[in-house]
Amino acid sequence: MATGGATEGLGWPPSLWAAVTPAGPALPALEGMVETEVAVIGAGFTGLSTAIHLREAGIPCIVVEAAEPGWGASGRNNGQVIPTLSRHDPAAIIRRHGAAGERFVAVLRDSAATLFDLARRHGIAAEAEQAGWVQPAHTPGRMRVVERRMRDWESHGAPVALLDRAALREMLGSDAWFGGFTNPTGGHVNPLALARGMAATALTLGATILARSPVTGIAHQGGRWLVRSERGTVRARALVLATNAYTGTFNRSLAPEIAMSVVPVLSWQMATRPIGDNVARSIIPGRQAMSDTHGELYFARWDARGRLVTGGAVAIPANQPARLRPMIGARLQRLWPQIGEVQFDYVWSGNIGMTTDYFPHLHRLGPDGYAWAGCNGRAVALSVALGREFARAVQGVPEAELGLPFTDPRPVPLHGLARRAASLMLMLYRWRDAREVA
């Protein structure tokens, strides 16, 4: 039995993914007192990956979701599967976190493969294409930055390759960039289909998922975690909080120290009308996922129906969809003049969790309690891989064997002001993008 397309009082964003993805499984709400071994808050990629890996190990678990699986960032993003962070590479990660950073680098390096392997292992129909990921350089100076990034990842075992301008032109069908680097383990998915497929997999494996049950508070009492909603409570030995940028969306009292450590930033995604094969075969003909070196990121990938899926941002939060259509249409025409007139069938948005240092923040909440936040726009592969690590953590794997570099939560000063001012950072990114760097 399948649910309809909306939660109680919460509609799905009018995204391409919501339009083309079969409905997810019907799920009950949290009612009364229930007991389990591990409670997971949030049915996005991290929470569902945690549940799948726990059930594969035979550990009972319950996932509590405020809306429906994939309702938040997991079902709204571009679907690019990228095995890197947006800003920091292995050397910076290891400088910050030492031996734990080295283990985290290994998790991150293999994160795209972890996602695609999970989808294949469980037969999840997520339109998954492990066609690779490429990062083009938009200036000669950024090309030197790209080469340093590639060498750093290469030294840690990533199967990366450097591309000169001619090779990149052949790969992407555009003269707009100066070269780049590629990682064949990356690719792209229909993210909502992946989330719903992961939910169905977790259920098949014996997990419980409780939907439309916003958590109002968590506490550790008498050696057990209590996860409370308005109509029920889950008691569990261990807890994983997997709500990222949506931690404070439904209830500000839920882990405020986590919610205030990240700044939710609205991210806009767009899908063109289907593009004819005669044009499409000259634009990213190998169907890689592409995101370049602009701070105001230029990114694109094909979907399974011949649509180019991209996105953008505007600094002033007013009438954004109407303003984005001509702006991003003109951008695509600059990158690929052969595309002709560009029209968009879908424009939608969702929050991404940004941190002031551009690192993901992983936390211990207490005995057998874990959380993370701060995807910084690179959560698809990482969140699935972190779910596996959290599942290992709550099974008692020693911290010295986990790829989880823990830090203490640090709320962003003047958090409310930072949220309102976040969109203005776009002006700084554009200024930086116009400069040459070595």
Side-chain angles (χ1 to χ4, degrees), residues 1-13 15-30 34 36 38-56 61-77 79 81 115 118-119 122-128 189-215 227 229 232 234 240-247 249-250 254 348 350-353 372 375 379-388 390-391:
M1 180 177 178
T3 62
T7 66
E8 293 177 356
L10 289 170
W12 289 92
S15 71
L16 166 65
W17 313 127
V20 303
T21 304
L27 300 167
L30 173 57
V34 291
T36 190
V38 183
V40 179
I41 303 174
F45 292 148
T46 302
L48 294 170
S49 175
T50 302
I52 289 170
H53 287 97
L54 285 171
R55 289 305 305 143
E56 287 180 330
C61 65
I62 292 176
V63 182
V64 185
E65 164 60 35
E68 297 281 349
W71 182 87
S74 292
R76 304 189 194 198
N77 63 78
V81 183
L115 183 153
L118 183 145
H122 293 289
I124 298 173
E127 301 171 13
V189 296
N190 171 336
L192 182 56
L194 179 62
R196 288 177 173 171
M198 290 175 70
T201 297
L203 293 171
T204 298
L205 292 172
T208 297
I209 304 175
L210 304 172
R212 302 172 306 284
S213 303
V215 173
V227 177
S229 74
V234 178
V240 175
L241 176 66
T243 46
N244 194 18
Y246 287 82
T247 301
T249 298
F250 295 90
L254 173 62
W348 71 97
N351 285 333
I352 59 176
W372 88 284
C375 63
V380 177
L382 177 59
S383 58
V384 173
L386 286 179
R388 182 194 62 191
F390 286 133

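What you see below is based on every heavy atom in this structure, not just the backbone, and it leaves out hydrogens, waters and symmetry mates. What you are looking at is a predicted structure, and each value in this text was computed from that prediction instead of being measured.
Taking every heavy atom of both residues into account, Ser229 and Pro214 meet most closely at CB-O, 3.4 Å. Closest non-hydrogen pair, Ala51 versus Ala207, comes out as CB-CB, 4.4 Å. In terms of heavy-atom proximity, Val81 sits nearest to Ala381 at CG1-CB, 3.8 Å.
Note that OG1 of Thr201 is 3.5 Å distant from CD1 of Ile124, once rounded to the nearest 0.5 Å. Annotation: the span from Leu203 atom CG to Ile52 atom CD1 amounts to 9.5 Å, rounded to 0.5 Å. Atom CG in Leu48 sits 8.5 Å away from atom CG in Leu194 (nearest 0.5 Å). Atom CG in Asn244 sits 9.5 Å away from atom CD1 in Ile352 (nearest 0.5 Å). Taking SG from Cys375 and CG from Leu386, the interatomic distance works out to 11.0 Å, rounded to the nearest 0.5 Å. In this structure, CD in Glu56 is found 3.5 Å from NE2 in His122, a value given to the nearest 0.5 Å.
The side-chain contact (heavy atoms from CB on, under 4.5 Å) test applied to Ser74 returns Phe45, not counting sequence neighbours. Taking Ser213 as the reference, nothing meets the side-chain hydrogen bond (donor to acceptor under 3.5 Å, both in side chains) condition, with sequence neighbours excluded. Shown here are the side-chain hydrogen bond (donor to acceptor under 3.5 Å, both in side chains) partners of Ser383, two or more places apart in sequence or in another chain: there are none. Annotation: side-chain contact (heavy atoms from CB on, under 4.5 Å) contacts of Thr21 (sequence neighbours excluded): Trp17, Asn190, Leu192, Ala193, Arg196. With sequence neighbours excluded, no residue forms a side-chain contact (heavy atoms from CB on, under 4.5 Å) with Ala200. Annotation: side-chain contact (heavy atoms from CB on, under 4.5 Å) contacts of Ala73 (sequence neighbours excluded): Tyr246. The side-chain hydrogen bond (donor to acceptor under 3.5 Å, both in side chains) test applied to Thr50 returns no partner, not counting sequence neighbours. Take Ser49 and apply the side-chain hydrogen bond (donor to acceptor under 3.5 Å, both in side chains) test, not counting sequence neighbours, and it matches His53.
Between the side chain of Arg55 and the main chain of Leu205, a donor-acceptor pair closer than 3.5 Å is present.
For the pair Asn77 and Val380, the minimum side-chain heavy-atom distance is below 4.5 Å. For the pair Phe250/Val215, no side-chain contact is recorded, criterion being any heavy-atom separation below 4.5 Å from C-beta on. With contacts defined as side-chain heavy-atom distances shorter than 4.5 Å, the pair Leu115/Val189 qualifies. Pro69 places a side-chain heavy atom less than 4.5 Å from the side chain of Leu27.
The salt bridge (charged side-chain N to carboxylate O under 4.0 Å, His left out) pairs that include a residue from residues 41-50 number zero, where partners must be two or more places apart or lie in different chains. Among residue pairs with one or both ends in residues 39-53, none qualify as salt bridge (charged side-chain N to carboxylate O under 4.0 Å, His left out); sequence neighbours excluded.
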